[in-house]
Structures are given as structure tokens and as C-alpha cells.
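Working notes for the structure below.
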Amino acid sequence: MLLRGMGHNRTFCLTTTTLKTLLTTAKSRLNDPLEAEVLLAHVLGVDRSHLYAHSSDPVDPETATTLHRLIKQRRLGAPIAHLVGHREFYGRPFKVSPDVLIPRPETEGVIDQANALDLSDHAKVLDVGTGSGCIGLTLAMEHPGWTVCVSDNSPEALAICQANREFHHLTNVAIHHGDLLEPMHGQTFDLIVANLPYVAPGDPHLTEGDLPAEPQNALVAEHNGLALIERLIDQAPHHLIRPGHLIVEHGHDQQTQIISQLQQHGFSHVIGHADLAGIPRLVVASIWH
């Protein structure tokens, strides 16, 4: 029995296919061979090394059919993370869905900078606009003594965050629903971190890669992408213990303006950082008085 594939009249053989043959065919249909490995490993419920250690194993028709369906969805633009249901962040898996941003490697810099701060073993930390929870939950795992709060104005995103909290068995994380710092009335923190929407409306990058499949309200902000970040900078001093710290991820061309805004709001020690590609990516700011 044959199942016709996409393009050039390729076919999947559903009778005597081996893992090696199926993987070779899958790689030929995707631009990135790694994606083929990830999808097949996901379908089989194994890690990628298994595909090569057992390359001569036969593949049942159901596996080939499922892989064919996922490849078709990927070619139509579905992100790999949505197809497999998770994405690794700072070495740990996080459940994702179309309701949250897909965690990205450059955001791991927020964790690196938070870890580098000289905070108490019992610090209180807030992750604003948490989405999947990857930043706040990672900090809670990196520092079990910290009390971590996470907030978001999307109930759907918070449902994913809660699932991730439960998956990682975290008891030091509280989840709050609301706009920016409004749910934290009267509370103060040693550190506030945020990866808020920072893409300007109409930015051409919104049509590239996985972005069209991600929630636009988690990507786009008015005022050239700075509206929410500026509101956070305005609110943050009222919710920071002295000394307190704020870490904000931002767009490639926004660092200078954000540093100026932070200095105008009383942050006296402000340092911009680049990601591994050398692109300005985040700012670490401290307030002392």
C-alpha cells in the first residue's frame, strides 16, 4: 500500500519501510534535516539518537502516516514546537501551544543575567507577561529558595503556564492574571523580569518564520513596539525593593531608547547586553533609592 506524499510525486511505502528509509524521505521534504529527526522521534516517542541506533527497524504503517501528516502541516507553516507540543528552554522542556510565544534561545540571556545578580537565596521575583512561564519557572528551578510570581493578561497563556508549573512540580511559583503589574498591588520584589511584546505593528518580520502562527498580542505593541515596555518601566520602581533590579528583553533597535527611559525613571545602574549573535537584546537596570 502506498500513501502519496507532497511534491514530485514522492510516496511513503507503508509495508516494508525502515526507520532509515522513512527518515531519509522525510529529510528530503523539509528544509531542515533536524526537523525531520524531531518529528519522527516525536511520533515514535523516542529521542533522536534512537533513530540511528535502530535505523534498520521496520516502521508500521500508522507511524509513516502520522509522520506524513506532520510533514504536510510543517510545509504549510505550522511551527515544529506546535506539532510536537513543546520546546526546550534552558535545558528543560516547556509545553507550548498557539496561545503562547515559542521560547527562543536568545531569551535564555534573561536567565543568565538574573543568575549573575547578587540576590538573596530567598529573593522575591516577578516575571511579567510570562506566557508559557519559561522565564519565571526556569528561575524557580534554578533557585529553589526564591519566591517567584508570574503574571499575564491572557487566561489561555496562564493555562499553559500552569501546566508547565505542574509538569516541573514547582511549589515556589504563584500565578496571577492581569495587565502588567496591576495584579501585584502592594507587593514588592527584588527582581522583575519581562519579555513583553516589542514588535512594531506592520513590521515585515511578522510574516517570517514561526511568527505568523504565534499570538500577535504577545508580539506586537504600539508606539513602535515600546508601549508596554514603557508602561512597565513607569510602574516598576513602585514594585521594587531597594536595591531592586529590572531585566527587560527588547528588539534589536530599541536598546538606546529603553536605557534612556530607565534612567529617567530613577534607575541609576543600567547596562545593555547583546545576544550570542551580537544583537542588542536586553537591559539590566538597578534602582538604589
Where the side chain of [X] meets the backbone of [Y], is there a donor-acceptor pair that is under 3.5 Å apart?
X      : Y      : answer
Glu249 : Leu282 : no
Glu230 : Gln261 : no
Asp60  : Glu62  : yes
Glu222 : Ala227 : no
His269 : Ala285 : no
Gln162 : Ile175 : no
Thr65  : Pro61  : yes
Gln254 : His252 : no
Asn164 : Lys95  : yes
Arg281 : Ala274 : no

Contacts satisfying side-chain hydrogen bond (donor to acceptor under 3.5 Å, both in side chains) that involve residues 122-134 (not counting sequence neighbours) are Lys124-Gln187, Asp127-Thr130
In Ile247, Val284, Leu246, the residue satisfying side chain to side chain contact (heavy atoms under 4.5 Å, CB included) with Leu191 is Ile247
*Flag if over 12 foreign heavy atoms under 6.0 Å of CG, Leu76*: yes
* To do: Tell me, yes or no, whether the heavy-atom count around Asn31 atom CG, taken from other residues, nucleotides or ligands under 6.0 Å, exceeds 12.
  => no
What donor-acceptor contacts under 3.5 angstrom involve side-chain atoms of residues 138-146, with partners at least two apart or in another chain?
residue, atom, partner, partner atom, Å
Thr138, OG1, Cys134, O, 2.5
Glu142, OE1, Asn115, ND2, 3.3
Glu142, OE2, Arg92, NH1, 3.2
Glu142, OE2, Arg92, NH2, 2.9
His143, NE2, Asn115, OD1, 2.7
Trp146, NE1, Ser120, O, 2.9

### Task
Identify whether Leu70 and Leu23 are in the same connected component of the hydrophobic contact network (ILVMFWY, side-chain heavy atoms under 4.5 Å).
yes
**Item:** Connected via hydrophobic side-chain network under 4.5 Å: Val283 and Ile135
**Value:** no
Going by the angle between their ring planes, with limits at 30° and 60°, are Phe94 and His168 parallel, tilted or perpendicular? tilted
| task | Using a strict 4.0 Å threshold on nitrogen-to-oxygen distance, state whether Asp57 and Lys20 make a salt bridge. | result | no
salt_bridge(Lys27, Glu37) N-O dist < 4.0 Å: yes
Testing the basics here: between [X] and [Y], what is the closest heavy-atom pair and its distance to 0.1 Å?
X      : Y      : result
Leu211 : Gln216 : O-NE2, 3.1 Å
Val46  : Leu51  : CG2-CD2, 4.3 Å
Leu19  : His54  : CD1-O, 3.2 Å
Leu196 : Gly129 : CD2-CA, 4.1 Å
Pro197 : Ala221 : O-CB, 3.6 Å
Pro183 : His176 : CB-CB, 4.0 Å

The reported gap from CD in Gln257 to CG in Leu226 (rounded to nearest 0.5 angstrom) is 5.0 Å
Rounding to 0.5 Å, atoms CD (Glu208) and CG (Asp203) come to a distance of 8.0 Å
Applying salt bridge (charged side-chain N to carboxylate O under 4.0 Å, His left out) to Arg87 and not counting sequence neighbours gives none
**Report entry** Step-by-step side-chain hydrogen bond (donor to acceptor under 3.5 Å, both in side chains) determination, Thr188 to His239
**Finding:** CA-CA 4 Å; Thr188 53; His239 292 271; over 6 Å; no
Could you go step by step and tell me if Ile258 and Leu262 meet the side chain to side chain contact (heavy atoms under 4.5 Å, CB included) rule? CA-CA 6 Å; Ile258 289 172; Leu262 286 162; 3.9 Å; yes
